[in-house]
Every structure is written in structure tokens, then in C-alpha cells.
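See structure below.
The figures that follow rest on heavy atoms only: side chains count, while hydrogens, waters and symmetry mates do not. Indexing begins at 1, ligand by ligand and atom by atom, following the structure's order. Every value quoted in this text rests on a predicted model; they were computed, and no experiment measured them.
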Amino acid sequence: MPAYDYVCHDCGAKFEVRMSMSAYSSGEKPPCEQCGSANVGRAFTTVNVLTGSRGGGGGGSFSSGASCGSGGFS
Ligand SMILES: [Zn+2]
């Protein structure tokens with residue numbers, strides 16, 4: 001089980017919490033070990049943030065009307 005670093009915004013304590021990745025990704029926050037406050041945040045920043053994939057699309061539709069003048073002279 002991986003460990004994650006948290007920092008308390010109330011008392012400033014840093015502590016390490018082991019939790020499952022599913023609990024971590026669901027935004028579950030442990031209380032502070034020092035003061036028991038729930039006002040804690042993750043102490044490290046994850047680098048691999050996946051942004052949305054950019055899908056290219058959109059094409060112009062060209063309507064080319066070829067007009068041949070059919071002129072006949074008799
Ligand atoms: Zn605290």
C-alpha cells in the first residue's frame with residue numbers, strides 16, 4: 001500500500017498516511033495526526049496529470065460547382 005504525504009493547514013504538521021490508491025484517488029482525506037483537523041491537503045504535487053486529449057476534427061465542406069457553359073450555335 002503506498003504512502004502519501006499530507007500537510008495540515010491548521011497546525012502545519014506534515015504526516016504520512018498509508019492508504020489504498022482507490023481511497024486516495026477518490027479524494028479521501030485523513031485527519032491530522034497532531035490536532036485531528038480535517039483541514040489537510042496533499043503535501044506533494046503529482047506531475048502526471050492527464051489532460052484531455054485533443055481531438056482534431058472539423059473539415060470544411062467544399063461545394064464546387066463546375067459549370068461548363070454549354071453554348072451551342074447552330
Ligand atoms: Zn493539524
Name each donor-acceptor pair under 3.5 Å that joins a side chain in residues 11-23 to protein atoms two or more places apart or in another chain, with its distance.
| from | atom 1 | to | atom 2 | distance (Å) |
| --- | --- | --- | --- | --- |
| R18 | NH1 | M1 | O | 3.3 |
| S20 | OG | S22 | OG | 3.2 |
| S20 | OG | A23 | N | 3.3 |

Please tabulate, for side-chain N and O atoms in residues 29-40, each donor-acceptor pair with protein atoms closer than 3.5 Å (sequence neighbours left out).
| from | atom 1 | to | atom 2 | distance (Å) |
| --- | --- | --- | --- | --- |
| K29 | NZ | V40 | O | 3.2 |
| S37 | OG | D10 | OD2 | 2.5 |
| S37 | OG | N39 | N | 3.0 |
| N39 | ND2 | D10 | OD1 | 3.3 |

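Contact annotation: the side chain of R42 never approaches that of Y4 to less than 4.5 Å [non-hydrogen atoms, C-beta and beyond].
Annotation: protein N, O or S atoms under 2.8 Å of the Zn ion (ligand 1) (waters excluded) comprise C8 SG, C11 SG, C32 SG, C35 SG.
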